[in-house]
Peer 1: 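Provided herewith is a single structure, encoded as structure tokens, for subsequent inquiry.
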Amino acid sequence: MSQRLVRVRFAPSPTGPLHMGGVRTALYNYLFAKQHGGTFVLRVEDTDQTRFVKGAEEYIINALKWCGIAPDEGQGFGGDFGPYRQSERKPLYRQFADQLVESGHAYYAFDTAEDLERVRDLAKKAGTANWQYNHVTRGSMKNSLSMPKAEVDKKIANGDPYVIRIKLPRNEEVKLNDLVRGWVSVNTNNMDDKVLFKSDGMPTYHLANIVDDYHMKISHVIRGEEWLPSAPLHVLLYRYLGWEDAMPQFAHLPLLLKPDGNGKLSKRDGDRLGFPVFPLEWHNSENGEVFSGYRENGYFPEAFVNMLAFLGWNPGTEQELFALDELIEAFRLERVNKAGARYDHDKTRWFNQQYLRAKSNEDLAPLLKAAAQEEGLKADEPYCAQVAGLMKERAFFVKDMLSEGRYLFEKPKDFDEKTLRKKWNAEARGHVSNLKTIFENLDSFTASALEAAFKEYLQQQEVGFGKVGPGFRLAVTGKGMGPSMFEICALLGKEETLNRLETALAELPQ
RNA sequence: GGCCCCUUCGUCUAUCGGCUAGGACGCCAGGUUUUCAUCCUGGAAAGAGGAGUUCGAUUCUCCUAGGGGCUGCCA
């Protein structure tokens, strides 16, 4: 193939929020475009007016932006090939349907929805294979192939509703060379005369996507595997429209599967199994239903994108952590897997943990500060940076640092019951009391000074850390576990630490 | 049912005819740690089944089985 400008498109239908499978398709399109210095286009496929969902288009755009894979061109982003909503391109399609009728590759069909339902029903009851509108059945249906021309003309002049169907040839192998699957071949005998143009004046997906891809000079169609069965139909449309030379290359991506059981990942799986399936939280304005999102659950977009990239693709090396620009560099359509990939939530959490750790305390500080503020807790950024330094090794999310280290923001409200029961006794109490006195006299309240004083005390008392540490931790933090107590006390400061020791001695059981 | 696609540890996957089948997540054990987490070390864990091609098949071909997708005037 000659060097052709790479132009790819992501073409969702605005029938609801974009789920992670769709995001992955968009991501692969984005990566492919960027790697080739090409253009990533967003086209909205809203030819089915009955399935329009308010807010969906905006959601899709916001989701792509959050992921950092915003289109270069398309709905909401401008460009020279617009409009990018198919509903606004309506006048464009009809002529191509007509062209196909004229060239004998399509025909008018007057069968009503009820007619079709009846004949399908009949076939079903007879126990035969699914009824199809095809070369064997079209002769007995109401269409411009089975009816006299005069009658057809009359019906059209009359304004009777009709659709335009493709007329598939008999027994013809249609082949396409898929970039991820290699050669795929289907015989036209196994395909049906798909509707290209609906009675409401809109094209179906099949016609619209070919017409638009052609006019938008799309070079590669990267989409989900659910389109594979209709890809041969699309090849035929390019051929019949005379655009075969400009036909894009196809790449059909494996599906994202449910973590449990069978089938592709669906929007209900997430909240059923305890993970988001959507990048952003979605509020259904019709029924008030809410679906959780990765963003709201505290995931970093980089982690989410990294995880998605690896569901169905891998670089062939052992590197797993990839920044977006590294993905752009490494991504190869040829290395996309053929089999469906099951989503693994633990792995997603792990990715987030890796990204959390890779961030500096200073980068984490504003995020932690914001999280604290939401809980009504106050702390400045430098302080939050120190908290991050202490807590990030034991956190998956920013919010974990807050929940695990809440005592760094406010006095403990309650004390861990198990630690209280097991570690808090007269002896522990005595040690805490002694330590309070020692710490009161400390000039330098640094972690190392505290540690030195603490260890000296242990030596002098001839006791092990285990006898003193847990009670001390409980008194200061209310918890039985956590980071170094010396670091914690140093961070809290002398006044606060002593204050807490005093409170604990006064309030904890004797 | 028909058609198309797919099939390596529980999961994501590496392997492009020579394998003691590698890595990651998760899991288990040990070590480090006052504790928890981290970290380190180790472990269990896979080529759906059957034919064929070949000196040699996880790798190529076929069959079977299983899984998935499609089968709408939805995309």
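Below, read A as the first sequence line, B as the second, and so on, with proteins coming before strands; counting in each chain starts at 1.
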Peer 1: Check the phosphate of U13(B) against Arg335(A), side-chain N and O only, distance under 4.0 Å to OP1 or OP2. Yes or no?
Peer 2: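 So the side-chain polar atoms of Arg335(A) never come under 4.0 Å of the phosphate oxygens OP1 or OP2 of U13(B).
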Peer 1: Does the structure place the NZ or CZ of Arg43(A) under 6.0 Å from the centre of the six-membered ring of Phe10(A), at an angle of no more than 45° from the ring's axis?
Peer 2: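 Ring-cation test returns no.
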Peer 1: Using atom NE2 of His135(A) as one end and atom P of G2(B) as the other, report the distance to the nearest whole Å.
Peer 2: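 It works out to 17 Å between those atoms.
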Peer 1: Does the ring of Phe250(A) carry Arg223(A) above it, NZ/CZ under 6.0 angstrom from centre and within 45° of its axis?
Peer 2: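 Here Arg223(A) fails the 6.0 Å and 45° test against Phe250(A).
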Peer 1: Any side-chain N or O of Lys198(A) less than 4.0 Å from the OP1 or OP2 oxygen of C74(B)?
Peer 2: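 Looking at the OP1 and OP2 atoms of C74(B), one of them is under 4.0 Å from a side-chain N or O of Lys198(A).
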Peer 1: Is the ring centre of Phe351(A) less than 6.0 Å from the ring centre of Phe304(A)?
Peer 2: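 That pair fails the under 6.0 Å test.
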Peer 1: Around atom CD of Glu326(A), are there more than 12 heavy atoms from other residues, nucleotides or ligands closer than 6.0 Å?
Peer 2: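 Yes, the 6.0 Å shell around CD holds more than 12 heavy atoms from other groups.
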Peer 1: With a 4.0 Å limit, can you tell me whether Ser484(A) has a side-chain N or O closer than that to the phosphate oxygens OP1/OP2 of U33(B)?
Peer 2: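 No, because none of the side-chain N or O atoms of Ser484(A) sits under 4.0 Å from OP1 or OP2 of U33(B).
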Peer 1: Using only side-chain N and O atoms of Asn190(A), determine if any of them is under 4.0 Å from OP1 or OP2 of G2(B).
Peer 2: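 The answer is no; no side-chain N or O of Asn190(A) sits under 4.0 Å from OP1 or OP2.
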Peer 1: Which part of the nucleic acid does Met485(A) contact within heavy-atom distance under 4.0 Å: base, sugar-phosphate only, or nothing?
Peer 2: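 If one applies the 4.0 Å heavy-atom cut-off, Met485(A) turns out to touch a base.
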Peer 1: Provide the distance between the two P atoms, one in C70(B) and one in A14(B), to the nearest whole Å.
Peer 2: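 To the nearest whole Å, 25 Å.
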Peer 1: Looking at C74(B), does its base get a donor-acceptor pair with the side chain of Arg51(A) below 3.5 Å?
Peer 2: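 Between C74(B) and Arg51(A), which were checked side chain against base, a qualifying N/O pair under 3.5 Å is present.
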Peer 1: Classify Glu404(A) by what it touches in the nucleic acid, base, sugar-phosphate, or nothing, heavy-atom distance under 4.0 Å.
Peer 2: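 Here Glu404(A) touches no strand at all.
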Peer 1: Taking OP1 and OP2 of A14(B), is either one under 4.0 Å from a side-chain nitrogen or oxygen of Asn337(A)?
Peer 2: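 Yes, within the criterion.
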Peer 1: Using purine N1 to pyrimidine N3 plus N6-O4 or O6-N4 for Watson-Crick, or N1-O2 and O6-N3 for G-U wobble, both under 3.5 Å, which nucleotide pairs with U7(B)?
Peer 2: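 Result: A65(B).
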Peer 1: OP1 or OP2 of C6(B) versus the side-chain N and O atoms of Arg342(A): is any pair under 4.0 Å?
Peer 2: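 Indeed not, no polar side-chain atom of Arg342(A) lies that close.
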Peer 1: Who is the Watson-Crick or G-U wobble partner of C70(B), with both distances under 3.5 Å?
Peer 2: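 Check on C70(B): paired to G2(B), both distances under 3.5 Å.
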Peer 1: Please classify the nucleic acid contact of Asp346(A) as base, sugar-phosphate, or nothing, using heavy-atom distances under 4.0 Å.
Peer 2: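 Contact class for Asp346(A): sugar-phosphate only.
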Peer 1: Can you tell me the Watson-Crick or wobble partner of A29(B), both distances under 3.5 angstrom?
Peer 2: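 U41(B) - that is the nucleotide pairing with A29(B), both distances being under 3.5 Å.
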Peer 1: Using a 4.0 Å heavy-atom cut-off, does Arg473(A) contact any base of the nucleic acid, only the sugar-phosphate backbone, or nothing at all?
Peer 2: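 Counting heavy atoms under 4.0 Å across all strands, the contact made by Arg473(A) includes a base.
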Peer 1: OP1 or OP2 of U38(B) less than 4.0 angstrom from a side-chain nitrogen or oxygen of Arg357(A), does that happen here?
Peer 2: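 No, because none of the side-chain N or O atoms of Arg357(A) sits under 4.0 Å from OP1 or OP2 of U38(B).
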Peer 1: So, is Arg120(A) close to the G72(B) phosphate, meaning a side-chain N or O under 4.0 Å from OP1 or OP2?
Peer 2: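 It does, given that an N or O in the side chain of Arg120(A) lies less than 4.0 Å from OP1 or OP2 of G72(B).
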Peer 1: Across all strands shown, which nucleotide pairs with A46(B) by Watson-Crick or G-U wobble geometry, both distances under 3.5 Å?
Peer 2: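 No nucleotide pairs with A46(B).
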Peer 1: Is Tyr205(A) touching bases, backbone alone, or none of the nucleic acid, heavy atoms closer than 4.0 Å?
Peer 2: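 Base contact.
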Peer 1: Tell me if the side-chain of Ser199(A) makes a donor-acceptor pair with the base of C73(B), cut-off 3.5 Å, by modelled atom types.
Peer 2: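 Such a pair is found, so the answer is yes.
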Peer 1: Between Lys264(A) and C70(B), is there a side-chain N or O to OP1/OP2 distance below 4.0 Å?
Peer 2: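 Checking C70(B) against Lys264(A), a side-chain N or O does come within under 4.0 Å of OP1 or OP2.
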Peer 1: Ring centroid separation for Phe465(A) and Phe472(A), is it under 6.0 angstrom?
Peer 2: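 Here the rings of Phe472(A) and Phe465(A) have centres that are no less than 6.0 Å from each other.
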